[in-house]
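In what follows, every heavy atom counts, from backbone to side chain, and hydrogens, waters and symmetry copies are set aside. Every chain is numbered from 1, with letters handed out A, B, ... down the list of sequences.
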2 protein chains.
Amino acid sequence: MPPPSEPLTPERILAATEEVLRRHGAAKANVVDVARALGVSHGSVYRHFATKAELRGAVTKRWLDRTTALLADVVAGSEAPTAKLRHWLSALFDAKRHKAGDDPELFATYTVLTTEQGGVVDAHIDELIGQLTVILQEGVAQGEFAIEDLPVTARALFEATAHFHDPVHAPEWSRPDAQGAFEAVVALVTRGIAARPA
Amino acid sequence: MPPPSEPLTPERILAATEEVLRRHGAAKANVVDVARALGVSHGSVYRHFATKAELRGAVTKRWLDRTTALLADVVAGSEAPTAKLRHWLSALFDAKRHKAGDDPELFATYTVLTTEQGGVVDAHIDELIGQLTVILQEGVAQGEFAIEDLPVTARALFEATAHFHDPVHAPEWSRPDAQGAFEAVVALVTRGIAARPA
DNA sequence: CGGATGACAGATTTCAATATCTGTCATCCG
DNA sequence: CGGATGACAGATATTGAAATCTGTCATCCG
C-alpha cells in the first residue's frame, strides 16, 4: 500500500467515489473500495465525510451541478427571451437524454443516488427554477412575456416539462416521437406565457 | 369445499382477484388464493385466464376503466370547452389524488400492477388522450381554442400535466402547494391553446 | 363429453446462516 | 500533536437450501 503522494482532500475522495460508482454501480459501491482506490484506510475517508450517505450526497450534488453550470451559460447568453427559454429547455432535455442514452448503466447508478438523496435533488430543482425565473423576468421586462406570478409560473413551466427532464420518464426519451412530443409541449407552454400582440 | 353456487365466470374471477389483491398486496397475491376464495381449484382459474399476468392485466384494466368512465361523463357534459377542459383535468387529478391518499396500500398495489402491465396502461393513456382530443375538437369548433395539430396537442396537454396524474409523482400530490401548482400548470396550458381575441 | 380437478415439474420466493460493510475509537506514527 | 490506522460491534447484504407458486395435463365426474 503506497503512501498517498498527495494530501487527502474531499475533492480527491469525491473523484475516487465517482470512479468506484462507475465501476461497481450504486448497490455495490462501498467506502472500503473508495479508500482502497485512494491507498488509504476507510477510517481516513470518514475524517472528511461523516457518513456514506453524506459522501454519496456530495457526489450526487457534483453530478447535478455539472448540468446546472451548462444551463447557466444559456441563461447568461444574449438571446431574446423566447429563444432563450426554448434554448434552455432544449439544453436541459438534451443533457438528460444524453446522460441516459450514452451510458445507461451510469445513468441507472445516478438514478439510484438521486432517489436516495432527495434533499440534494430538491436544491438542484430550486436552482433550475431560479434560472427559469431569470429568463422569465427578462422576458417580462422586454415585453415578450405576460406573467402574473413569476415564481409560480417558473415552477409551473418546470413541472409542465417534467416529462422531458425527470429521470423517472427516461425510458420514454428514446422513443422515436420524443423530440416531436417535446417540441409540442414547449410550443404549448411558450404560447401560454407569450404576451398578446398589443 | 362447497361446490360453487354460480358458474365460474371471468367476472367472478376478477372480483375475487381484486379482493385477494386488496387483502394480500401485489407481491403476495397468488392464483391459488384466488381459486380458494372462489371455492375452486386453481386449474379452473387457468381455464379462463391463460397466465397469472393476463389475470392481473385484466384486473388492472378494470381499475383503470373506472377512471375512464368517470371522465367520459365530463366529456359528455355540456360545458363550454375551456371550462370542460379544466373540469376534466381537475376530475383526473382528483380521482388520482383520492385513490392515492384514501388507501395508500391499495394504491401501492395498483402501482405495482400498472408498472408490470405496461401495455394495459398505454391503452388507458390512449383512451384518455382520445377524450382530451374530443374536448379540444369542440373548442376549436366553437372558436375558443386555436390548435394546429389536434392529436399532437392533446398528447402535449396530457404530458404537460403528467405531474398531476402520473402515479410516479404521487408522493408530491399531498404537498400543501399541490393544488396551487396544479392550477398554475392548468392556467399555463389553457392560455397556450386559447384562441387570441379576434 | 365438457368442464373441473389436483399431482407434478420447473420457476420463483422465503428464510436463516454466513459474510461483508459501516461507523467508532483506542492506538499508533511522523 | 494532528492525522492516519485497523480492530471491532452492530447493521446490512449475500447465499443456498427449503418451501411455495405457476402452469400443464392425465384423470375424473355429472
Participant: Could you state the atom-to-atom distance from CG of A:Leu8 to P of C:dG30 in whole Å?
Facilitator: 18 Å

Participant: Report the distance from atom OH of A:Tyr46 to atom C1' of C:dG23, rounded to the nearest whole Å.
Facilitator: 5 Å

Participant: Rounded to whole angstroms, how far apart are CZ on A:Phe49 and P on C:dT24?
Facilitator: 15 Å

Participant: Between A:Ala27 and B:Lys52, which has a closest nucleotide on DNA chain D that is more 5'?
Facilitator: A:Ala27

Participant: In whole angstroms, how far is the P atom of D:dT14 from the NE2 atom of A:His24?
Facilitator: 13 Å

Participant: Among the clusters formed by ILVMFWY side chains lying less than 4.5 Å apart, do B:Val168 and A:Phe107 turn up in the same one?
Facilitator: no

Participant: Please determine, for C:dT20, whether a Watson-Crick or G-U wobble partner exists with both distances under 3.5 Å, and give it or none.
Facilitator: D:dA11

Participant: For the residue pair B:His163 and B:His169, categorise the inter-ring angle as parallel (less than 30°), tilted (30 to 60°) or perpendicular (more than 60°).
Facilitator: parallel

Participant: Tell me the partner of D:dA17, counting only Watson-Crick (N1-N3 plus N6-O4 or O6-N4) or G-U wobble (N1-O2 and O6-N3) with both under 3.5 Å; none if nothing fits.
Facilitator: C:dT14

Participant: Would you say B:Leu85 ends up clustered with B:Ile125 if hydrophobic residues are merged whenever their side chains have heavy atoms under 4.5 Å apart, either directly or through other cluster members?
Facilitator: yes

Participant: May I have the distance from B:Asn30 (atom CG) to C:dT13 (atom P), rounded to whole angstrom?
Facilitator: 12 Å

Participant: Which residue, B:Arg47 or B:Thr51, contacts DNA chain D at a nucleotide closer to its 5' end, judged by nearest heavy atom?
Facilitator: B:Thr51

Participant: Return whichever of A:Lys28 or A:Gly43 has its heavy-atom-nearest nucleotide of DNA chain C closer to the 5' end.
Facilitator: A:Lys28

Participant: Is there a donor-acceptor contact under 3.5 Å from the side chain of A:Thr51 to the main chain of A:Glu54?
Facilitator: yes

Participant: Rounded to whole Å, how long is the line connecting atom CG of A:Asp33 with atom P of C:dT22?
Facilitator: 8 Å

Participant: At 4.0 Å (heavy atoms only), tell me whether A:Val31 reaches a base, stays on the sugar-phosphate, or touches nothing.
Facilitator: sugar-phosphate

Participant: Go ahead and name the base partner of C:dC28; Watson-Crick or wobble counts if both distances stay under 3.5 Å, otherwise write none.
Facilitator: D:dG3

Participant: Below the 4.0 Å mark, does C:dT5 have OP1 or OP2 next to a side-chain nitrogen or oxygen of B:Ser44?
Facilitator: yes

Participant: For A:His42 and D:dG3, what is the distance between atoms NE2 and P respectively, to the nearest whole Å?
Facilitator: 19 Å

Participant: Given B:Ile147, which partner from the list B:Val152, B:Thr133, B:Thr153 fulfils the side-chain contact (heavy atoms from CB on, under 4.5 Å) test?
Facilitator: B:Thr153

Participant: Whole angstroms only, please: what is the CG-P distance between A:Leu55 and C:dC21?
Facilitator: 15 Å

